[in-house]
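Here is how names work: the chains are called A, B, and so on, in the same order as the sequence lines, proteins then strands, and each is numbered from 1.
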There are 2 protein chains.
Amino acid sequence: MPATIRDVARLAGCSIKTVSRVVNGEPYVTEETRARVQAAIRAVGYAPNISARRLVQNKSFQICILMYPGLLQPASGILSLIMDIGYEENYDILFQPYFPTHARSKRKLVSLIYEHRIDGFVTTPPCDAEDFVSELLDTFKVPLVQINPFNRPEKTPFVASDDIEGARGMMEHLLGLGHRRIAFLMGPRNMRASFDRLEGYKQALEAHSIPFDPALVRDSEFTFDGGYTAARLLLEGSPRPTAIFAGNDEAALGAIYAARELGLDVPGGLSVCGCDDIAAAGRTWPGLTTIHMPAEELIETAVRLLIQILKGSLPSSNQVFLQSRLVLRGSTAPPAEAST
Amino acid sequence: MPATIRDVARLAGCSIKTVSRVVNGEPYVTEETRARVQAAIRAVGYAPNISARRLVQNKSFQICILMYPGLLQPASGILSLIMDIGYEENYDILFQPYFPTHARSKRKLVSLIYEHRIDGFVTTPPCDAEDFVSELLDTFKVPLVQINPFNRPEKTPFVASDDIEGARGMMEHLLGLGHRRIAFLMGPRNMRASFDRLEGYKQALEAHSIPFDPALVRDSEFTFDGGYTAARLLLEGSPRPTAIFAGNDEAALGAIYAARELGLDVPGGLSVCGCDDIAAAGRTWPGLTTIHMPAEELIETAVRLLIQILKGSLPSSNQVFLQSRLVLRGSTAPPAEAST
DNA sequence: GCGCGTGTTGACAACGTTGTCATATGCCTG
DNA sequence: CAGGCATATGACAACGTTGTCAACACGCGC
C-alpha cells in the first residue's frame, strides 16, 4: 500500500538506485536530480521499508537493553532519553526484561540473537553475572556493553559508577552526625554493587577505627521485603543500631516501614539511608537520604558507546566511570542518645 | 553467517518450500519428511530470518504501546507479562514513550507507522486524547485498541476500568469513617479518569446529601508536585478538610508530604487516599489507602485483543470493562475532631 | 481403464531495498 | 587529440523468506 522506491523513481524519471542514493545521502547525485527526487518522495509519501533494508544489509539496526525488572525500573526520564538517542542514531532500542535462570528469558534471548539478529546488547546488573548470557553473546560475537558489570575484564567495554567511593561518602555523613552503631543491608551476591558498597562501609569504619561487627550486616536482597525483614530483626535485637545504611533504596524504604511499625521515629529514633535515588525516595516522608546513581547517564553512555562500536568507529575509551553524589534529605539525623 | 533455509533444504534433501512448510507448521508434509527436516534444522542451527519474513509478508509482527511516561511507568510485572504474551503470540511488543504535542514524539510515531510498519497500536491515557494520534492511525487504517480512552466511540475497541464506581467506593469508605469535609485532587483535562473520578466523588456526596463545594476541588495534574502544592493550599486555608481524596497516587504522595511538612499526622490529623495502587503506595509509611487499578490486566487484555484483531479472528467483544478494588492501608482513619 | 480428488513436492516469482559493476559524460593533462 | 580520471547514472543481482501454481503419485468409484 505505501509507496515504494520504484514509485518515486518513476515520478522523478530516474532509476531506483538514484533514489536510493538520495535517500541515504550518498554522493554522485547532481543537485538538480536530488531536488527532483526529493520532490517526488514528498509527492508520493515515500518512506523506505525498514524490513527490506534490514534484509539486504543483514543488520537489524536494533540494540537491546537486558534488565532485571525487579531491580531496574525504566524511569520516565530514561525512556524518553533512549527514544531520543534511538531517533538520532537510527537505531531501535529494545528494553528486554531478563530474569536470570528463567527458561523463557533464555529462549527469548536466543531468539533475539538468532531470529531478530539484534546488532548489540547492553546488560544491566545482575544479567551480566549469568554465565548463559555472557557465553551466548560471546559465542555469536554480538557486541556488548555492560553497565556496572560484576567482573571488569580488560577487553569488554563497560560503564560503571564508583560504588565504593559512594558508600564511603555516605558513611562519612553518618559518622559525621555521630553514629557509631551503623547497620548495613547487603544486596544479592550476583551484583558487584553489593560487595562494593559493603567495602565502602568497611573502609569508612576502619578509617574511624570502629571495629567491623558482622552482626550488623544483614541480607536484604535489595528488595523492600528484604529490607523490612532485616530491619525488623536488627531493631528487635539489642543493642539497636542507631542508623541503617541500606545497600539500595528499596531496602531502605522497607527498613523505614519496619521502624515506623515498631513505633520508632525516622530520623528521630533511627536514621536510614539508601543508595540509587529512585523516584520513590523523594516521594516519601521524610525524604530518603541516598546516593544518587547517575542511571540516565550510565544508560546513555552505554548506548552511545555501543552504537559507536557498531558503526565501526573505535571509541577513545572502552571503560567509563561516572560519579555518584550524596543526596541529603530528611531520613538521617544525629543519634538521639549518646550511643554506647 | 547463520544458516539459511537453503542450507536446511540441502541437508534434508528437499526444496526450500518444504522446509518453509515445516517451519510454519503447514500441512501437506509427510511425517517422515517433517522429521528429516527438523533434524536438519537442528543440525545446522537454523532460525528463520525475521526481516525476510517481514518483507515478504508485508507485516512487521510488531505492536506498539504508546504511553506517557510521566504517568504510566511500566512496572516490573507488566514488563514480564508483556514479554510472555509476545513470546507466545510471536509478536514483538514495543513500549514507546509518547509526549503529547512533542514534535519529536510525533515524528517518531510517523516513523513507526511509515517505516516500521507497526501492525497495531495500544494507546494509554492521555495519548489517545491527542487528535494527531487518532487521526494518523485512522488515516493509515492501523488497528488500534485503547486503554481507558477519553472518548468511547461505538466502533473503536477499548479496555477500560470503571473509575466512577471506584471513586464512589473510596468515598463511601471515607464517609463511613465519618469524614464530611473531603477535598478532591483533580487530574489533567485530557484524561477521562480525571472527570470520572470527580464524578464518583460528586455522586457519593449527593448520595449522602452533602453539598458539593467547588473550593474543595483542586488541580493536581496527577503529579507529586501538583498534589503537594494543592494540598499545601488546602491545608493552610480554613476550614481545613479532614480528608484528601487524590485522583491518583502520585498526587496523594505529594499531599502526604505536604501534610507532614506542616506537622500534620497522617492519618491522625488528615486522611489521604489515592487511586491506581502504584508500587510506591505500599512502600511508604503509612501505606497509602488507594484504589487498585488492574493495570496488568488492562494491558494484557488490550494486547491480546489487538493480536486477535490482527490475526483476523473477530473477538467476541470489542469493549471490555475491568473492575478495580479498594485497597485499605494505613493512610485513612476517622477524623480526629467531630467535624463541623 | 479413465477421470477425479487429495496428498505431497518443488520451481519460480515476488517482496523492497542496497551493493556491484558497467557505462556515459565532461574535463583536465600532456 | 588521445588518454585518464572524476562525476553521474542505471541495469541487474542479491538478501531469505513466503505465495502461487504446476506436477506427480496414489487411491477410489464407475
Side-chain angles (χ1 to χ4, degrees), chain A residues 1-38 40-41 44-62 90 111 113-117 119 311-312, chain B residues 1-38 40-41 44-62 90 92 111 113-119 311-312:
Chain A
M1 198 61 182
T4 76
I5 202 171
R6 247 168 279 271
D7 301 322
V8 178
R10 200 175 310 123
L11 183 59
C14 65
S15 74
I16 57 170
K17 182 63 208 186
T18 300
V19 178
S20 173
R21 273 189 268 260
V22 172
V23 169
N24 294 294
E26 290 171 27
Y28 301 134
V29 183
T30 57
E31 271 319 303
E32 188 263 326
T33 311
R34 196 177 294 272
R36 199 155 32 88
V37 169
Q38 272 157 352
I41 287 176
V44 302
Y46 168 75
N49 182 317
I50 287 198
S51 297
R53 185 179 278 174
R54 285 175 174 163
L55 174 61
V56 70
Q57 300 203 350
N58 195 27
K59 283 187 201 168
S60 68
F61 299 102
Q62 290 180 314
N90 263 309
S111 155
I113 297 174
Y114 253 71
E115 305 184 275
H116 290 73
R117 318 284 157 103
D119 292 338
K311 288 190 171 169
Chain B
M1 198 61 179
T4 76
I5 201 171
R6 248 169 279 270
D7 301 323
V8 178
R10 199 174 312 124
L11 183 60
C14 64
S15 73
I16 58 170
K17 182 62 208 186
T18 300
V19 177
S20 172
R21 273 189 268 260
V22 172
V23 169
N24 294 293
E26 289 172 27
Y28 301 134
V29 183
T30 57
E31 271 319 304
E32 189 262 328
T33 311
R34 196 177 294 273
R36 198 153 35 87
V37 169
Q38 271 157 352
I41 287 176
V44 301
Y46 168 74
N49 182 316
I50 287 196
S51 296
R53 184 179 279 173
R54 284 175 175 165
L55 173 61
V56 71
Q57 299 204 351
N58 196 27
K59 283 187 204 169
S60 68
F61 299 102
Q62 290 180 314
N90 263 308
D92 283 350
S111 154
I113 297 174
Y114 253 72
E115 305 185 277
H116 289 73
R117 318 283 158 104
I118 301 293
D119 292 338
K311 289 192 171 168

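- For Ile5(B), the listed nucleotide lying nearest its side chain is dT18(D); candidates were dT18(D), dT9(D), dG16(C).
- Among the nucleotides dG19(D), dT17(C), dG10(C), the one closest to the side chain of Cys14(B) is dG10(C).
- Arg10(B) places its CZ atom 11 Å from the P atom of dG16(D), with the value rounded to the nearest Å.
- Of the candidates dT17(C), dG16(D), dA11(D), the closest approach to any side-chain atom of Lys17(A) belongs to dA11(D).
- Put simply, CG on Leu55(A) is 13 Å from C1' on dG19(C), counting in whole angstrom units.
- Val23(B) places a side-chain heavy atom less than 4.5 Å from the side chain of Arg53(B).
- If you take CZ on Phe61(B) and CG on Asp92(B), they are separated by 10.5 Å, rounding to the nearest 0.5 Å.
- Contact annotation: the side chain of Ile5(A) never approaches that of Pro48(A) to less than 4.5 Å [non-hydrogen atoms, C-beta and beyond].
- Projected onto DNA chain C by closest heavy-atom contact, Val56(B) and Thr30(B) fall at different nucleotides, the more 5' of which corresponds to Thr30(B).
- Taking 4.5 Å as the limit, every side-chain heavy atom of Arg21(A) sits out of range of all side-chain heavy atoms of Thr33(A).
- The nearest whole Å value for the distance from the NE2 atom in His116(A) to the C1' atom in dG16(D) is 16 Å.
- Picking from dG19(D), dG16(C), dT17(D) the nucleotide with the shortest atom distance to the side chain of Asn49(A) gives dG16(C).
- Distance from the side chain of Glu26(A) is smallest for dG19(C) among the nucleotides dG19(C), dT17(D), dT9(D).
- No contact: Arg54(B) has no heavy atom under 4.0 Å from any strand.
- Protein atom CD1 of Ile16(B) is 14 Å distant from nucleotide atom C1' of dA14(D), rounded to whole Å.
- The distance between atom CG of Asn24(B) and atom P of dG19(D), rounded to the nearest whole Å, is 7 Å.
- When heavy atoms are screened at a 4.0 angstrom cut-off, Ile50(B) is found touching no nucleic acid atom at all.
- Here dT8(C) is the nucleotide among dT17(D), dT9(D), dT8(C) with the atom lying nearest to any side-chain atom of Tyr28(B).
- Under 4.0 angstrom from either OP1 or OP2 of dG16(D) there lies no side-chain N or O belonging to Ser51(B).
- To the nearest 0.5 Å, atom CZ of residue Arg54(A) and atom NE2 of residue His116(B) are 5.5 Å apart.
- With dG16(C), dA11(C), dG10(D) as the choices, the nucleotide that has an atom nearest any side-chain atom of Ser15(B) turns out to be dA11(C).
- Contact check, Thr18(A) against dT9(D): no side-chain N or O comes under 4.0 Å of OP1 or OP2.
- Atom NZ of Lys59(B) is separated from atom C1' of dG16(C) by 18 Å (rounded to the nearest Å).
- Atom CG of Asn58(A) and atom P of dT17(C) are 18 Å apart (whole Å).
- Val23(A) comes within 4.0 angstrom of nothing in the nucleic acid, heavy atoms only.
- We find that OH of Tyr46(A) is positioned 10 Å from C1' of dT18(C), with the value rounded to whole Å.
- Comparing dT9(D), dT17(D), dT18(C) by their nearest atom to the side chain of Val29(A) picks out dT9(D).
- Taking only side-chain atoms of Arg21(B), from C-beta outward, the nucleotide of dT9(D), dG16(C), dT9(C) with the closest atom is dT9(C).
- Among the nucleotides dG7(C), dT18(C), dT17(D), the one closest to any side-chain atom of Pro48(B) is dT17(D).
- Rounding to the nearest 0.5 angstrom, the gap separating the CZ atom in Arg10(B) from the OG1 atom in Thr4(B) is 7.0 Å.
- Looking at heavy-atom distances under 4.0 Å, Thr33(A) makes contact with sugar-phosphate atoms alone, never a base.
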